[in-house]
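Step one of this worksheet: look at the structure below.
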Number of protein chains: 2
Amino acid sequence: MNKKQRIAIDMDEVMADTIEKFIQLYKREHNFNASLEDMRGKEFRDILPAELYNTTRKYVNEPGFFRDLPVMPDSQRVVKELHEKYDVFIVSAAMEFRNSLIDTYDWLAEHFPFIAWQHIIFCGLKIVKVDIFIDDRTRNFVDFDGRALLYSSPHNLLINDYERVDNWLQVADKLL
Amino acid sequence: MNKKQRIAIDMDEVMADTIEKFIQLYKREHNFNASLEDMRGKEFRDILPAELYNTTRKYVNEPGFFRDLPVMPDSQRVVKELHEKYDVFIVSAAMEFRNSLIDTYDWLAEHFPFIAWQHIIFCGLKIVKVDIFIDDRTRNFVDFDGRALLYSSPHNLLINDYERVDNWLQVADKLL
């Protein structure tokens, strides 16, 4: 039997829609209407009024922030199918936010219960040995010599150096 | 400048003395005297009376269990010196126990504050790209083609297939 290829899949802005949560949160709490068009090539905080710039950090450090993130459309079905064909690892930079660890763990258990604990990795630098890497941050591809798929997110839309996927249906087309 | 070699260092039974915690805990709670001699080649639970066999799992799932583990002698000084010479990553299989995540994070922050979050990895399977790997579990070396150092722990004392270190002074002798 051939060994399955390994895929690393990032969570935030790939499986979990952090941007959508921010949009709703800033509308509700600060009456600020974020537009995806304004976000092209920028981080979410970069489109905020100056007085709100430092508030995103406060929110992501609050317990609960990562617990109710919307699930990215089609990700559950496609990740499940990938999981059957490949050796799938979820690789999140959760270590940046202490209070995100349990929330991220519970979010995964709720929405992707077929991913066993052996296949979940919380880290900072993503020094993982895999064949395929799906991530929205190009910094995670720097030392990576496998197939990198850049998952589209507003902040990376001006980058042209990587094979790109805009949504999970495109991931399915490429890998299933 | 040459790129530093990367070292992965396991936590339980390597940096943190889980066995010593179990010995004290079973003495206090169950009046059971564990001897290191009886443990040779065995897991801690294997030396317990039959009626206590399943209790270790209960303890390790309790919040707080991993928060006050004793620090392995000399590990703080030696890991700090390794950190100056190498690119050090702490790689723990913390994902097995949901409630260990925050405790393990806080334990590291308290006893090894010089390790930045970027260099901490909580996982199950240890699929990390490193040059040197210090661990007490040979299963973590199976797919590893770098230099593996088996850190002595009672359960692995009958294994002769790996380069072995009995304590942190021996790690220092080999790597510093």
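These numbers were taken from a predicted model, which means no experiment stands behind them. Lettering follows sequence order; numbering is per chain, from 1. Hydrogens, waters and symmetry mates play no part in the numbers below; they use all other heavy atoms, side chains included.
A continuous path of ILVMFWY side-chain contacts below 4.5 Å connects Leu108(A) to Phe97(B), so both sit in one hydrophobic cluster. Put simply, Phe65(A) and Ile102(B) are part of the same group of oily side chains (I, L, V, M, F, W, Y) that touch within less than 4.5 Å, one to the next. Note on Leu169(A) and Val171(A): separate hydrophobic clusters, where clusters join Ile, Leu, Val, Met, Phe, Trp and Tyr whose side-chain heavy atoms are under 4.5 Å apart, directly or indirectly.
Within the 4.5 Å cutoff, the side chain of Arg6(A) has no heavy atoms near those of the Leu125(B) side chain. Side-chain contact between Met95(A) and Tyr105(B) is present, with heavy atoms from C-beta onward closer than 4.5 Å.
Evaluation of the salt bridge (charged side-chain N to carboxylate O under 4.0 Å, His left out) rule for Arg40(B) yields no partner, not counting sequence neighbours.
Within the 4.5 angstrom heavy-atom criterion, atoms from both the backbone and the side chain of Asp143(A) approach chain B.
In terms of heavy-atom pairs under 4.5 Å with chain B, the best-connected choice from Leu101(A), Val130(A), Ile120(A) is Ile120(A).
Heavy atoms from other residues, nucleotides or ligands lying under 6.0 Å from NZ of Lys27(B) number 12 at most.
With rounding to the nearest 0.5 Å, the separation of CD in Gln118(A) from CD1 in Ile127(B) is 12.5 Å.
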